[in-house]
Amino acid sequence: MEFVTAEQMREVDRYTIQEIGIPAIVLMENAGRAIADEVVRLVMQRKDSLAGERWLVLIGKGNNGGDGLVCARHLTDAGIPVTLVYAVAPDQLGGEAAVQQRIVEALDLPRIVYADEAEGIPDMRSYTGIVDALLGTGTKGAPRGVYASLIVEANSSGLPIVAADIPSGLDADTGAVYDPCTQAELTVCLAFLKAGLTQYPGAKAAGEVVVRYIGIPPWLPAGLEGAGVVLTEESLESELGLDAGRCRAPDGHKGTYGHVLLAAGSLPMSGAGLLAAKAALRAGCGLATWALPASLLPHMLGAVPELMLAPIADGGIGAWDSAAADEVLRLLAARDVLAVGPGLGRFPGEAEFLRALWEGAPRPLVVDADALGILAAAGGLTAWKRRDAATILTPHPGEMARLAGLTTAEVQRDRIGLARRFATEHGVTLVLKGARSVIAASDGQVYVNVTGHPGMATGGSGDVLTGIIAAMLAQGLDAVQASAFGAYLHGLAGEQAAAARSNPASLLAGDIIEAL
Ligand SMILES: NC(=O)C1=CN([C@@H]2O[C@H](COP(=O)(O)OP(=O)(O)OC[C@H]3O[C@@H](n4cnc5c(N)ncnc54)[C@H](O)[C@@H]3O)[C@@H](O)[C@H]2O)[C@H](O)CC1
Ligand SMILES: [K+]
């Protein structure tokens, strides 16, 4: 499923109205009717009857308000009486919204012009639901004045709220929420999913999201640079050419499915390497070799019998040093992919070590965890030679902050935009982890992964993802396919592993591997 920014939505609207010739009033009628349909569906789901329902429809000044006016008319005709609450004086509406306003006026729908009501907002608790048609993709900054008061009152009413297009107070592009922001039960998104509904906290404010066709041809956003894609089994196939149910070729052999090399683990974090290596095998690579500091070797013998171990001279201290790079590169010559970072630790000579791999490894490279810290500390992305082989970085928000020279809060404020800019600027594939991971390709295309479970926020979960992505590369997927499909499977396995436990908080990263 594709998602668009507010700007892209305006361009699609313009094209539909001006180039194709579908009048805006038709789009608005379809939009309002779709919202009314969804309100009826919601009510019927809850109580199988419309009897006793009385809804408020909060009307803003723009076309979002126009949608609300159409919705109010269709709810009335469906048997749900409504009262309109105008945030501005009705005569301030313009364009198609004004046309709709005259229609509801002619129908004499009950109304409250809150804008000039001295005694505050109607007692919402005497109603049974609220449609939020205050602000849509034309929102500029935090809801002001009357809009803010209505949102606060609606949120505190305890009534179910159905948001038109987006919750009012949501940044449609980033998913950031202003104060206040409508907390909706259901968001009826018109024509195309808006980017901000795919990222938290917007995804939470939106509640259930349904996207409703309003007459705009579904193929329109294609070719819009920057329109993103939500990963589903269908889009993995249609957008990324992946056969999600792909089974193995009958005549495959170990070599067919590639060989992953991991440079990972150190004395205090040996398990990270083991998790990544085991995950790679579970994710389907033919062979996996774990290059680890030699003094860890005796403790890892047989831990995963299927895993090959390559001890790296470490002077008996269980840590890495710059001299290890040559040995890793020698091992890589006979392998297909290198994943570096899980449990690697920080050490003297770390920058030389990583730079040698960054500039010397002729294979796809997955850079995670401590290797990202080393990369950031060394200014590698700008100082080192740009890699021409596939390069995937898998930062969590804190690691992304260090890589981008931002605070974590700044990263989280615009995950999609930041990921897209970073990937295109540095020519890498970026997996910005966290709920609703963002996969950004070096050509600017963005994917959002919606599988996953809060129980996966546990030590080692990232190591597992690194192993999965490396295994996908080893099996011949390109960097974007491997990152997207890897994130998708990682989340799906996490969901299944969490479902199998009475308390998902007890989930361990190893459980995700078993669920793969
Ligand atoms: N053909 C179409 O364009 C369609 C549009 N659809 C709906 O229209 C909205 C977008 O409408 P637009 O008029 O561009 O903007 P809004 O209605 O979202 O609101 C803008 C309106 O509100 C005022 N305003 C903006 N920011 C604030 C703020 N922070 N505080 C207070 N007031 C604010 C401003 O004055 C503007 O007048 C889209 O979301 C759809 O719902 C339909 O889908 C049909 C096709
Ligand atoms: K809205």
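Along the sequence shown, residues are numbered consecutively beginning with 1. Both ligands and their constituent atoms are indexed starting at 1 by order of listing.
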Item to complete: Provide, to 0.1 Å, the distance between atom 12 (P) of ligand 1 and the closest protein heavy atom, together with that atom's residue and name.
Response: Asn63 N, 3.8 Å

Fill in: Residue Gly68, metal the K ion (ligand 2), N/O/S under 3.4 Å
no

Practice prompt. Taking only Lys NZ, Arg NE, NH1 and NH2, and the carboxylate oxygens of Asp or Glu, determine whether Arg46 and Glu185 approach each other closer than 4.0 Å.
Written response: yes

Worksheet, complete the sentence: The angle formed at the K ion (ligand 2) by O of Ile166 and O of Ala164 is about (to 10 degrees) 70°

Fill in: Residues Arg212, Asp37; criterion salt bridge (charged side-chain N to carboxylate O under 4.0 Å, His left out); working and verdict
CA-CA 10 Å; Arg212 287 295 299 261; Asp37 286 353; 3.3 Å; yes

Discussion item. Can you report which non-hydrogen protein atom sits closest to atom 20 (C) of ligand 1, along with the distance?
Written reply: Gly138 O, 3.8 Å

Worksheet item: Regarding Thr174 and Asp414, is there a side-chain donor-to-acceptor distance under 3.5 Å anywhere?
Response: no

Item to complete: Only heavy atoms count here, so choose which of Gly62, Gly215, Ala6 is nearest to atom 21 (C) of ligand 1.
Response: Gly62

Fill in: Mutual orientation of the aromatic rings belonging to Phe485 and Tyr488 [parallel < 30°, tilted 30-60°, perpendicular > 60°]
parallel

Practice prompt. Looking only at protein heavy atoms, identify the closest one to atom 26 (N) of ligand 1 and say how far it is in Å.
Written response: Lys140 N, 2.8 Å

Worksheet item: Thinking salt bridges, do Glu105 and Arg102 make one under a 4.0 Å N-O criterion?
Response: no

Discussion item. Which residue and atom name correspond to the protein heavy atom nearest atom 2 (C) of ligand 1, and how close is it?
Written reply: Asp13 OD2, 3.2 Å

Discussion item. Nearest 10°: the angle subtended at the K ion (ligand 2) by Leu135 O and Asn64 OD1?
Written reply: 70°

Fill in: Numbered atoms of ligand 1 (with element) below 4.0 Å of Ala142, judged on heavy atoms
28 (C), 29 (N), 30 (N)

Discussion item. With respect to the K ion (ligand 2), please indicate if Gly60 possesses an N, O or S atom at a distance under 3.4 Å.
Written reply: no

Fill in: Residue pair Arg41, Glu208: steps toward the salt bridge (charged side-chain N to carboxylate O under 4.0 Å, His left out) verdict
CA-CA 13 Å; Arg41 178 179 67 85; Glu208 182 197 353; 3.5 Å; yes

Practice prompt. Identify the protein heavy atom lying closest to atom 23 (C) of ligand 1, giving its residue, its atom name and the separation to 0.1 Å.
Written response: Leu135 CD2, 4.0 Å

Practice prompt. Determine, stepwise, if the pair Asp173 / Thr5 fulfils side chain to side chain donor-acceptor pair (under 3.5 Å).
Written response: CA-CA 5 Å; Asp173 295 353; Thr5 61; 4.6 Å; no

Worksheet item: Of all the heavy atoms in Gly141, does at least one lie under 4.0 Å from an atom in ligand 1?
Response: yes

Worksheet item: Which ligand 1 atoms, with their elements, are less than 4.0 angstrom from a heavy-atom of Tyr147?
Response: 31 (C), 32 (N)

Worksheet, complete the sentence: Per-atom filter on ligand 1: closer than 4.0 angstrom to a heavy atom of Ile17 are 1 (N)

Discussion item. I need the nearest protein heavy-atom contact for atom 35 (O) of ligand 1: residue, atom name and distance, please.
Written reply: Lys61 CD, 4.1 Å

Worksheet item: In the protein, what heavy atom is nearest to atom 27 (C) of ligand 1, and what distance, to one decimal place, separates them?
Response: Arg144 NH2, 3.5 Å

Worksheet item: Among protein heavy atoms, which sits nearest to atom 39 (O) of ligand 1, and what does the distance come to when rounded to 0.1 Å?
Response: Asp165 OD2, 2.7 Å

Worksheet item: At under 4.0 Å between heavy atoms, which part of Thr137 makes contact with ligand 1: side chain, backbone, both or neither?
Response: both

Practice prompt. State whether Arg413 and Glu410 are salt-bridged, where the test is any N-O pair (Lys NZ or Arg NE/NH1/NH2 against Asp/Glu carboxylate O) under 4.0 Å.
Written response: no

Practice prompt. Flag Ala24 as yes when one of its N or O atoms lies below 3.5 Å from any N or O atom of ligand 1, and as no otherwise.
Written response: no

Discussion item. Please name the atom of Asp132, limited to N, O or S, that comes nearest to the K ion (ligand 2).
Written reply: O

Worksheet item: Hey, are Gln199 and Arg415 close enough side-chain-wise for a donor-acceptor pair under 3.5 Å?
Response: yes

Discussion item. Out of the candidates Arg54, Lys47, Glu53, only one should pair with Thr128 under the side chain to side chain donor-acceptor pair (under 3.5 Å) rule; please name it.
Written reply: Glu53

Item to complete: Test Glu239 against Gln445 for side-chain contact (heavy atoms from CB on, under 4.5 Å), laying out the working first.
Response: CA-CA 11 Å; Glu239 301 290 327; Gln445 181 56 38; 5.6 Å; no

Worksheet entry | Partner of Leu135 under side-chain contact (heavy atoms from CB on, under 4.5 Å), chosen from Pro143, Pro167, Cys181 | Pro143

Item to complete: From the options Leu190, Asp67, Ile151, Asn64, select the one whose nearest heavy atom is closest to atom 6 (N) of ligand 1.
Response: Asp67

Worksheet entry | Gly136 neighbourhood, listing ligand 1 atoms whose heavy-atom distance to it stays under 4.0 Å | 16 (P), 18 (O), 39 (O)

Practice prompt. For the pair Arg33 and Asp77, find out whether any cationic side-chain nitrogen is under 4.0 Å from an anionic carboxylate oxygen.
Written response: no

